[in-house]
Structure formats: C-alpha cells, structure tokens
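First listed ligand is number 1; within each ligand, the first listed atom is number 1. Just so you know, these numbers come straight off a predicted model, no measurement behind them.
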Amino acid sequence: MADNERSSKQGTSDNDYDALLTKQRKMEHIEICLDEDVQYSIPTMFNDIEFIHNALPEIDKDAIDLTTNFLGLRASAPIIIAGMTGGHPDTLAINKRLAQAAELLRLPIGVGSQRSAIENPDLADTFRIVRDEAPSVPIIANIGATHVDSALQAIEMIDADVLAIHLNPLQEAVQPEGDCNSIGVLDKIADIVDSVEVPVIIKETGAGISAGVATQLDSIGIDAIDCGGAGGTSWSAVEYYRALKEEDEIQSYLGKIFWDWGIPTALSVIMILDSTDLDVVATGGIRTGIDVAKAVGIGAMAAGVAIPLLRAAVHGTTEDVVYELNKLIEGLRVTMYLTGCNTIDDLVSRPLIIKGELAESLNSLGIDYTRLAGGAE
Ligand SMILES: Cc1cc2nc3c(=O)[nH]c(=O)nc-3n(C[C@H](O)[C@H](O)[C@H](O)COP(=O)(O)O)c2cc1C
C-alpha cells in the first residue's frame, strides 16, 4: 500500500535497499490483506443511513442511467476501482485483471503508490499495464505527499487522467519502519498541485478526512478528496500482523490498539461536504450497491472499492472482478429503482433518514444534516 515512501537522504546503496524493502512490502501487504481479518470492527456508519422505500417507483429499472461525471470524465457508474497495487513483478497480473474489468465496464481505476517504480524503473510495467489494458477509462496515478518531484513522472508513467496523493499517518505511526515527520506536508501537496495539469485528489487510506483537514486542503486548490474512511480495511490491522511477524512487540501493540482508529466513511463524507464544495469519493468499507447508493445519496461523486476486488483479482480471473463489480452495479440499480431514481442526479435529491451513531456524531460536531432529509442538493 501507500509505502512509507521516505525520500532518502542516504547513499545510493541505501536507496537500493529501501527500494527492495518497498517492493517486498507490496506483496506482504497483499498476502496479509487476503489471509488475515484486517477489517475495522467499527462500522462505516452507512448502516445509520436509510432510503425511504417507494412502492410506486413509476420507472423502468432497465432504463435507469447510472452514468456519472467523474471530474469532467465519463464513467458508466459512480464506482471506482480503488488504487491498490503495482511495484512488484507479481502485481502485474493483478493490475491487468483489474484494468481489463475497468475497461469492460467503463469504470475509473486507480493504481497503488508508484514510488517503487520511480525508484526502480524496471517495475514501471506493473503500473503501465493498467493503461495498456484500460485505454478508454479514467486512470488515477498515486504518489505520497512528500514526493513533489515524482508527480509528473507518475502521471506520465500510466498516462493518467487524475493524480491521487495519499495520506496515511496512521499506517506510518504503527508501521515498524514508518516515517512520522509530517511537518510541511500541506506545502508539499500545494507544490504538487501547482506542478501538474491533471485534477488532484487527496486520498486517505482508511482513517478518514475531517472537516478541518478538508478546509486546509481546499485552500491550496485541490480538486477532490477521497475520504478513505474507517469501516473497511484497517491499515493498523495490516501493520499489526507485519509487526507480529517481525516480533516487534511495541508496534504490534500499537497496531492492535489503533485497529479501529479513524473517522467512519459516511461521517467523513458528510464532514467534508459540510465544510467545502470539493468533489468527494467515498472509499472504505463499501461492500454493496446499497452502500454505493448511500454514498451518492449523501453527496459523494463516486464510491471506491478495494479489498473485494483485490480478492477476486488475486484468486480469480478478470471475469471474477467483473462479477464483483456487477454485484455493486446491480445493487445500485435496484436501490435506484426502489427509490424511483432514473439518474444519479435523482439519487442525490432523495430524502434520507439519518439515525443512530451517525446522527449522534453529527449532532455532537454541530453539523446540520437536515439538508439530507430533504435531499443533498
Ligand atoms: C493491498 C492494498 C494496497 C493498497 N495500496 C494503496 C496505495 O498504494 N495507495 C493508496 O492510496 N491506497 C492504497 N490502498 C487503500 C485502498 O485504496 C482503500 O482506500 C482501502 O483499502 C479501503 O478500501 P476497502 O475497505 O474497500 O478495502 C490499498 C489497499 C489494499 C487492500
């Protein structure tokens, strides 16, 4: 995942060693994600959002239009294959299957952090395969916030339409080799925003983005935020298993106590939209088409999905990835049918019931969510 991408101030051999570790970590992360339970035990809070069932939808389910505007680009549905991998020879086949599925279904796709291929250009083909196999869909490049110099290279490597800059302080803090000096990160992101011509998304990787952080990011001219909220894959959990293997007791202890740290995905989306006019992607624990519909219902432009698609791509074929995506698409379509929505815009204006912990959290933050009861427009 978001490798801990330090810019090395050390000598070349240390750089080579870092590159090797980054490459190894890619596969370790995938193995842990698929072999262990690394999900948050707290919910995304989408369970605290309900649509109002419409017994007289008066629309034709088969005529529902899921087409979405994704940062000025067209997507066949508001669903993104979240950035996950690349950077180890074994990841080429995984990215190939994900990209083929993206192309078949006309959905945007992200790649994992490209730092490894910038350190070692021999690995660039593990990312470039995504553009080769998905020539006509929006592709999202991915780098860490401290890598201003790599932004253009990352975009060019895969002919990307969008750049995602990931933030992962939780993972860094619980990772045995994590880099926890975050001073100046906002300025570095601002430099990247100034240096590239494609839209920039700032992406958390599981702990969510608050209203305050969204406001700071908005002030430096970014285009969108992927909230990467809590409730799905926990990077603290992933690092817990790595630390356990390395017999690092303090780090494994930290991985365990911070397992459920973060802002749940639904809460994070509402916080960002309450404080900015930025476009938002809801990633983190999106598991059904109903989750996708709820994310759009509260105002997200799209929902991102990672681990279920990774599982299909590693253990299965392109058809298995397509199958997982079709489950999301058809779940979304049925939700739209049962709420009388012909288009994605209709979904945004449907009234929602906000209850439970989500309502309590919004109340305690002083966020007025009555607009959602009347539609998110
Ligand atoms: C194996 C794996 C690797 C990942 N690597 C990255 C990465 O390099 N950059 C990034 O921004 N997010 C990365 N992510 C985070 C995902 O994009 C996503 O935000 C997160 O997994 C939550 O989604 P989920 O609950 O659907 O898994 C990775 C996720 C997985 C499962």
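- Judged by the shortest distance from any of its heavy atoms, Gly284 lies inside the 4.0 Å radius around the atoms of ligand 1.
- Both the backbone and the side chain of Ile307 come within 4.0 Å of ligand 1, judged by heavy-atom distances.
- The shortest N/O to N/O separation between Ile286 and ligand 1 does not fall below 3.5 Å.
- For the pair Thr85 and ligand 1, no heavy-atom separation below 4.0 Å is found.
- Linking Ile, Leu, Val, Met, Phe, Trp and Tyr whenever their side-chain heavy atoms come within less than 4.5 Å puts Ile139 and Leu310 in one cluster.
- The shortest N or O to N or O distance between Cys33 and ligand 1 is not under 3.5 Å.
- A salt bridge is defined here as a Lys NZ or Arg NE, NH1 or NH2 lying under 4.0 Å from an Asp or Glu carboxylate O, and Glu28 with Lys245 meets this definition.
- At least one N or O atom of Thr233, backbone or side chain, sits closer than 3.5 Å to an N or O atom of ligand 1.
- Applying the 4.0 Å criterion to heavy atoms of Gly112 picks out, from ligand 1, the atoms 7 (C), 8 (O).
- For Gln39 and Thr233, the side-chain atoms include at least one donor-acceptor pair closer than 3.5 Å.
- The pair Arg131-Asp161 meets the salt-bridge criterion, with a side-chain N (NZ, NE, NH1 or NH2) lying under 4.0 Å from an Asp/Glu carboxylate O.
- Looking at Leu310 against ligand 1, only its side chain comes within 4.0 Å, counting heavy atoms.
- For ligand 1, the atoms closer than 4.0 angstrom to any heavy atom of Ala82 are 17 (O).
- Here's the thing with Lys203: one of its N/O atoms is less than 3.5 angstrom from an N/O atom of ligand 1.
- At a heavy-atom distance under 4.0 Å, no atom of Gln39 approaches ligand 1.
- Residue Trp235 touches ligand 1 through its side chain alone, judged by heavy-atom distances below 4.0 Å.
- Heavy-atom separations between Ala164 and ligand 1 are all 4.0 Å or longer.
- Backbone and side-chain nitrogen or oxygen atoms of Ala306 are examined, and one is located within less than 3.5 angstrom of a nitrogen or oxygen of ligand 1.
- Near Thr283, the atoms of ligand 1 lying under 4.0 angstrom from a non-hydrogen atom of the residue are 18 (C), 19 (O), 23 (O).
- At least one N or O atom of Asn142, backbone or side chain, sits closer than 3.5 Å to an N or O atom of ligand 1.
- Proximity to Gly232 (heavy-atom distance under 4.0 Å) selects the following atoms of ligand 1: 25 (O).
- Atom CG of Asp226 sits about 12.5 Å away from atom NE2 of His166, to the nearest 0.5 Å.
- Taken to the nearest 0.5 Å, the CD atom of Glu204 stands 11.0 Å off from the OG1 atom of Thr283.
- Checking only distances, Arg287 does come within under 3.5 Å of ligand 1, N or O to N or O.
- Here the CG atom belonging to Asn342 is positioned 4.5 Å from the CD1 atom belonging to Ile59, to the nearest 0.5 angstrom.
- When the shell of 6.0 Å around OH of Tyr369 is examined, it contains more than 12 heavy atoms from other residues, nucleotides or ligands.
- At least one heavy atom of Thr205 sits closer than 4.0 Å to an atom of ligand 1.
- Side chains of Asp218 and Thr215: no donor on one and acceptor on the other come within 3.5 Å.
- Within the 4.5 Å cutoff, side-chain heavy atoms of Ile201 are placed close to those of Leu71.
- Contact between Gly206 and ligand 1 is absent, with no heavy atom of the residue lying under 4.0 Å from the ligand.
- A heavy-atom distance below 4.5 Å is not found between the side chains of Ser234 and Tyr240.
- With sequence neighbours excluded, no residue satisfies ring-ring contact (aromatic ring centres under 6.0 Å, His included) with Tyr40.
- Between Gly304 and ligand 1, no pair of N/O atoms sits closer than 3.5 Å.
- Of the charged side-chain nitrogens involved, none lies within less than 4.0 Å of a carboxylate oxygen, so that Lys327 and Glu330 do not count as a salt-bridged pair.
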